[in-house]
Every structure is written in C-alpha cells, then in structure tokens.
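Before any comments, here is the structure.
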Amino acid sequence: MTDTATNTKLIQGRTGPWEIVMGLEIHAQVASKAKLFSGAAVGFGAGPNEQVSLVDAGFPGMLPTLNKWCVEQAVRTGLGLRAKINTFSQFDRKNYFYPDLPTGYQISQLYHPIVGEGVVEVEAEDGTFFNVGIERLHLEQDAGKLIHDLSPTESYVDLNRAGTALMEIVSRPDLRSPEEAVAYVKKIRTILIYLGTCDGDMEKGNLRADVNVSVRRPGEPFGTRCEIKNVNSFRFISQAIQYEARRQIEILEDGGSITQETRLFDPVKGETRSMRSKEEAHDYRYFPDPDLLPLEIEQAWIDEIKAGLPELPDDKRRRFMSQYGLSQYDAGVLISEQAKADYFEAAAKGRDAKLVSNWVTNELSARLAADGQGFDLGIVRFPPALLRELVELIEDATVSSKIAKEVFEYVWAGEGPPRHVVEARGLKQVTDTGAIEKAVDEIIAANPDKAAAVAEKPQAIGWFVGQVMKATGGKANPAAVNEILKAKLGIS
Ligand code: ADP
Ligand code: MG
C-alpha cells in the first residue's frame with residue numbers, strides 16, 4: 001500500500017497505517033592480505049588459529065601498527081560514497097569482555113571517523129531514484145569466532161578473524177521499506193565491488209548488516225528502534241524487517257511501548273528475538289587508544305586515490321544510456337555487476353547494442369545461472385567475440401533470432417564459433433523467395449478451408465506462418481514468409 005501524498009510505503013495495522021523507518025550499519029571486510037593492525041594473513045579456509053599474530057591474540061606488550069593499505073581502501077570507499085574524507089581521524093578502544101576478543105577491547109573509531117557524511121543514490125523497483133544519507137564510515141577490527149559444536153562440554157575459539165579490518169558504513173534513518181533497505185545494501189555492495197575495497201561475499205560474512213528498525217504513524221516523529229545484528233543475506237534482511245515491524249506494531253497497537261534493544265534474527269524460525277538491552281557509548285568506556293597516534297592524511301594522497309578511482313556504477317549507467325541508447329532498466333541490469341558490464345561493452349563493439357544487451361541479460365545470464373557460474377567464468381566459456389559474431393549473424397539476416405538461440409546452445413556445447421555452427425548444421429535462414437513460395441503454395445493447397453477463413457479473420461495468418469516455419473525447419477526469413485503469405489491469401 002502506498003500513501004500517494006507522501007509517496008512512502010505504509011503497512012496496514014489493526015488501528016491504521018504505519019510507516020517503517022530503517023537505518024543500516026553495514027560491516028564490510030576490507031579486501032586486504034593482512035589485518036588492520038598486524039601482519040597476520042587474512043584469508044578464508046585456513047586451519048583454526050593459523051592466522052593469528054601476538055597482536056591479534058592480545059599478548060601483553062604487543063603494539064598495533066596501522067596497515068596503510070586498509071586506510072587507503074577506506075578512503076577509496078569514502079570517495080565512492082561521495083563522502084567527506086576526514087584528514088584527521090583517531091582510533092578508540094571500545095571495551096567489553098567476550099571470549100572471542102582476547103584484548104578485552106575492540107579498536108574502532110567513535111569520535112573521529114575517517115569518513116564523514118556522504119550520499120548514495122539508489123534505484124527503487126519502479127525505476128525512480130532515492131537518496132540515502134551516509135552518516136559516517138569508520139575503520140575497526142573484527143573479533144574472533146567461537147565454536148560451540150565440536151564438543152559437548154567445551155567451546156573453542158578461532159582467532160583467525162580477530163583483527164581483520166572492517167569498514168562500518170552507517171546510514172541515516174532514510175529507508176522506508178524492506179525493498180528500499182535491500183536495494184540500498186545491494187547498491188553499497190555493488191559500489192564496494194567496483195572499488196575493489198571489499199569482495200562483497202555475504203555467505204562468508206564479508207558483508208553483513210545491522211538493521212535498525214522502528215515504526216511510526218505517518219507524519220509522526222521517529223519511534224524507538226531495535227537493532228537486528230549481523231544479518232547476512234538480502235532475503236534475511238527483508239524477512240527480519242518485516243517480522244520486526246509487525247512485532248513492534250502489535251506491541252504499540254496493544255498500548256505497549258518499544259524497548260530499545262539489540263535483537264537477533266533466526267533464519268530458521270523467521271523471527272527476531274531479544275539478545276540484550278541497548279548499550280550506550282558510555283557502557284563501553286570508549287577512549288582514544290594510547291598505542292596509536294591520530295591518523296592524519298594528506299590531501300595530496302586523497303587526490304591521488306581519487307584520480308585512480310574506476311568508473312562507478314551510477315556513471316556507468318548514465319554512460320550506457322547515452323552512448324549505447326539503452327533504457328535505464330537495461331543499463332541498470334548490465335551495470336549491477338561489473339563483469340557483466342565489461343562483457344557487454346566488449347561484445348557490443350560495432351554491433352547493435354540493444355540486441356547485445358538482450359543477449360547478455362537474457363540467454364547468457366540464464367545459461368550461466370543454470371550452470372551455477374558467474375559472469376567472469378562466462379567470459380572464458382563464451383567470450384564476447386562469440387556473442388559479437390552471433391549478433392552479427394542476426395543483423396545480416398543469416399539466421400533469425402529464434403535460430404540464433406539454437407546456435408547459441410550449440411556454441412555453448414562446444415561445437416565451435418557461431419558461423420561455423422550455422423554452416424555445419426545448415427541453419428542458414430532461407431531468404432530465397434522461390435523456396436518459401438513453394439512451401440506457402442503447398443500449405444494453402446492442403447488447407448483450403450483455413451485459407452478461406454483468413455479472409456474473414458486476418459490474425460489467423462499466424463497459423464500459416466507457423467506451418468511455413470515448420471516446413472522450412474524454422475529457417476525461413478519470417479518477414480519474407482509474412483509478405484508472401486499476405487500476397488497469396490489476398491490480405492493487406
Ligand atoms: P547509536 O549511537 O546508538 O549507535 P546512531 O544514531 O549511531 O545510534 O544510529 C545507529 C543507526 O540507527 C543508524 O544507521 C541510524 O540511521 C539508525 N537509526 C537511528 N534512529 C533510528 C530510528 N528511530 N529508527 C530506525 N533507525 C534509526
Ligand atoms: Mg552508532
């Protein structure tokens with residue numbers, strides 16, 4: 001249900017409409033070979049505790065050393081989010097006890113984050129755009145991992161992840177529906193992947209979101225929010241928000257009030273449940289980490305990083321629309337994945353861009369998905385040059401679009417490049433009007449009643465087109481078939 005006056009998405013409660021308000025804290029693991037403050041390796045799949053330095057393990061007397069690469073990635077990301085880069089920032093200790101945190105504190109940035117305010121443009125389902133404000137981006141360490149299912153009586157700790165660099169990207173409470181929240185996370189993920197600052201792998205937990213949800217009556221001030229921790233898939237984000245909003249609405253409609261708290265989403269039950277009451281900054285006794293100097297960044301370095309940024313998704317979408325004449329929708333599908341966009345550009349050289357775009361987003365995407373492959377692998381399996389050749393065959397009327405799909409399958413199966421397949425399998429389109437006329441004459445002669453009916457009902461010509469195509473093995477040029485049929489059946 002949409003409130004047309006304010007154009008916000010409302011949900012219907014027992015006592016009237018409600019609006020959901022959301023702000024997200026996205027944790028993105030920095031794409032880095034080493035941790036934020038130690039030289040220990042970062043990687044997935046190492047044995048337990050194989051990637052832990054004395055710094056990560058919190059040994060007494062160890063000193064953190066800031067990893068410049070990680071700082072550069074945070075700056076790159078900030079620039080990609082069109083945000084202010086703070087030339088002065090500082091690291092703070094966030095103190096709390098947990099067995100996966102050997103130092104007893106997490107190094108984070110509370111008071112002076114490396115990146116300040118920014119803005120992200122997100123495309124809604126209906127093709128319109130909305131802006132989401134970025135409040136800040138700061139660098140912090142990840143914690144280790146506790147393993148409870150290896151022994152019935154003991155818990156184990158794996159510190160491989162401890163000290164890994166995270167970028168926490170905090171949005172303003174600008175989101176108004178589960179769809180908007182998901183579209184926002186997708187957009188952030190795409191930007192990060194374009195920038196190369198995070199691999200965006202949500203299954204591995206390299207990108208996850210804390211989702212803050214509150215509800216209010218339309219037009220009223222923001223309500224009290226609950227924070228759902230560590231949601232790591234688009235589907236779970238949507239489910240968690242829907243469940244949580246309903247839960248809050250029910251409490252409020254029953255005359256209750258919302259307690260600000262941290263909750264967990266249980267994907268099996270599809271519900272959120274309370275984890276702990278909301279903690280405040282003072283609960284963590286934040287203070288500047290005395291082991292680390294304030295971080296001062298030179299503007300010249302920021303400018304250098306800026307000059308090295310790749311073309312970002314928004315710019316690419318606009319360029320695809322103007323340079324190739326694609327619709328906003330088609331351009332959006334192509335740029336959603338950098339590899340897909342690159343593939344398209346390589347295949348579109350000198351070809352009908354709209355046709356190439358259709359092939360990339362339809363046949364090729366479907367084929368890759370069916371084989372459980374990504375676009376990068378697709379480039380190896382079906383290089384852009386092959387698609388260019390296939391589209392050329394359609395453009396010069398060597399094959400119809402329908403036969404082209406068959407050719408595509410044979411090429412995919414490894415029978416050789418498109419032109420070769422067309423020759424070898426005799427799939428060339430019949431444009432020889434004599435051959436088509438012969439087929440038309442035979443079919444009309446065999447079906448005089450149907451031919452008479454076409455005079456009354458011209459759309460019945462479709463049946464004849466189908467028969468001629470069948471008779472010619474689908475190779476007849478459809479335009480020629482139509483023309484000849486119309487002439488012979490006496491319709492204009
Ligand atoms: P804290 O300092 O307690 O962590 P913040 O002001 O930093 O709170 O907000 C944390 C996140 O919660 C931000 O993403 C913000 O947009 C979001 N948020 C703040 N207020 C609300 C609200 N009333 N409803 C939903 N989300 C909110
Ligand atoms: Mg906060």
Side-chain angles (χ1 to χ4, degrees), residues 6 8-11 18-28 77-78 81 83-84 86 89 92-96 106 108-120 122 130-140 166-185 187-189 207-231 237-238 240-249 251-252 257-265 272 274-287:
T6 57
T8 53
K9 300 203 167 96
L10 302 177
I11 48 176
W18 294 85
E19 183 180 45
I20 318 179
V21 173
M22 285 146 292
L24 267 58
E25 297 159 280
I26 294 178
H27 289 94
T77 306
L81 300 175
K84 178 172 183 293
N86 293 324
S89 67
D92 303 300
R93 288 186 181 179
K94 180 181 184 180
N95 300 278
Y96 66 95
Q106 175 196 33
S108 181
Q109 298 186 304
L110 177 69
Y111 303 106
H112 299 284
I114 185 164
V115 176
E117 295 190 339
V119 64
V120 176
V122 185
F130 62 96
N131 283 339
V132 179
I134 299 295
E135 192 179 304
R136 57 191 278 152
L137 175 155
H138 63 256
L139 277 169
E140 64 182 29
L166 300 178
M167 297 178 282
E168 177 169 335
I169 303 166
V170 183
S171 88
R172 298 231 171 261
D174 289 347
L175 298 157
R176 293 292 178 271
S177 69
E179 294 77 24
E180 284 189 5
V182 168
Y184 165 72
V185 180
K187 185 58 181 282
I188 291 281
R189 181 172 177 272
L207 186 85
R208 50 197 200 256
D210 297 345
V211 187
N212 294 271
V213 180
S214 66
V215 297
R216 64 170 173 183
R217 296 282 191 197
E220 296 209 333
F222 287 163
T224 303
R225 71 178 192 271
C226 289
E227 177 178 1
I228 311 160
K229 276 276 172 206
N230 272 334
V231 196
I237 290 172
S238 173
I241 293 169
Q242 289 179 47
Y243 177 87
E244 181 59 19
R246 278 277 159 213
R247 187 188 71 85
Q248 293 183 14
I249 290 169
I251 292 174
L252 294 170
S257 59
I258 305 301
T259 316
Q260 190 170 338
E261 61 183 2
T262 304
R263 299 178 69 84
L264 270 186
F265 177 65
T272 66
S274 183
M275 193 176 148
R276 54 173 188 255
S277 65
K278 168 70 185 172
E279 61 295 315
E280 303 289 340
H282 61 250
D283 295 326
Y284 289 112
R285 293 173 292 116
Y286 275 100
F287 61 85

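Start at 1 and go down the list; that is how both ligands and their atoms are numbered.
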| task | Heavy-atom distances under 4.0 Å are what count here, so tell me which part of D174 touches ligand 1: side chain, backbone, both or neither. | result |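 For D174, there is no contact with ligand 1 at all, from either part.
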| task | Check N212 against ligand 1 and report side chain, backbone, both or neither, counting heavy atoms closer than 4.0 Å. | result |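 Both backbone and side chain of N212 come within 4.0 Å of ligand 1.
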| field | Test: K94 cationic atom under 6.0 Å from Y286 six-membered ring centre, within 45° of axis | value |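 Not satisfied by the 6.0 Å and 45° rule.
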Show which atoms of ligand 1 fall inside a sub-4.0 Å distance from at least one heavy-atom site of [X].
| X | answer |
| --- | --- |
| V170 | 13 (C), 14 (O) |
| V21 | 24 (N), 25 (C) |
| G23 | 14 (O), 16 (O), 17 (C), 26 (N) |
| G223 | 23 (N) |
| L24 | 14 (O) |
| S171 | 13 (C), 14 (O), 15 (C), 16 (O) |

| task | Flag the pair I11 / I20 as yes when at least one side-chain heavy-atom distance between them is below 4.5 Å, and no otherwise. | result |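 A side-chain contact exists here, since the closest heavy-atom pair is under 4.5 Å.
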| said: I'd like to check N131 versus D174 (side-chain heavy atoms, cut-off strictly below 4.5 Å). Are they in contact? | reply: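 No; the side chains remain at least 4.5 Å from each other.
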[X] (side chain) donor-acceptor with [Y] (main chain) under 3.5 angstrom:
| X | Y | value |
| --- | --- | --- |
| S108 | E140 | no |
| E220 | R216 | no |
| N86 | P113 | yes |
| Q109 | L139 | yes |

| Charged N to carboxylate O below 4.0 Å: is that the case for R172 and E135? |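 The answer is yes: the pair qualifies as a salt bridge.
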| said: Strictly below 4.0 Å, N to O, side chains only: are E227 and K229 in salt-bridge contact? | reply: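 The answer is yes: the pair qualifies as a salt bridge.
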| request: Pick, from R136, E227, R172, R225, the option with the minimum heavy-atom distance to atom 9 (O) of ligand 1. | output: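 Considering heavy atoms of R136, E227, R172, R225, the nearest to atom 9 (O) of ligand 1 sits in R225.
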Geometry only, no angles: is [X] polar-contacting ligand 1 at N/O separations under 3.5 Å?
| X | answer |
| --- | --- |
| V213 | no |
| Q260 | no |
| P173 | yes |
| E25 | no |

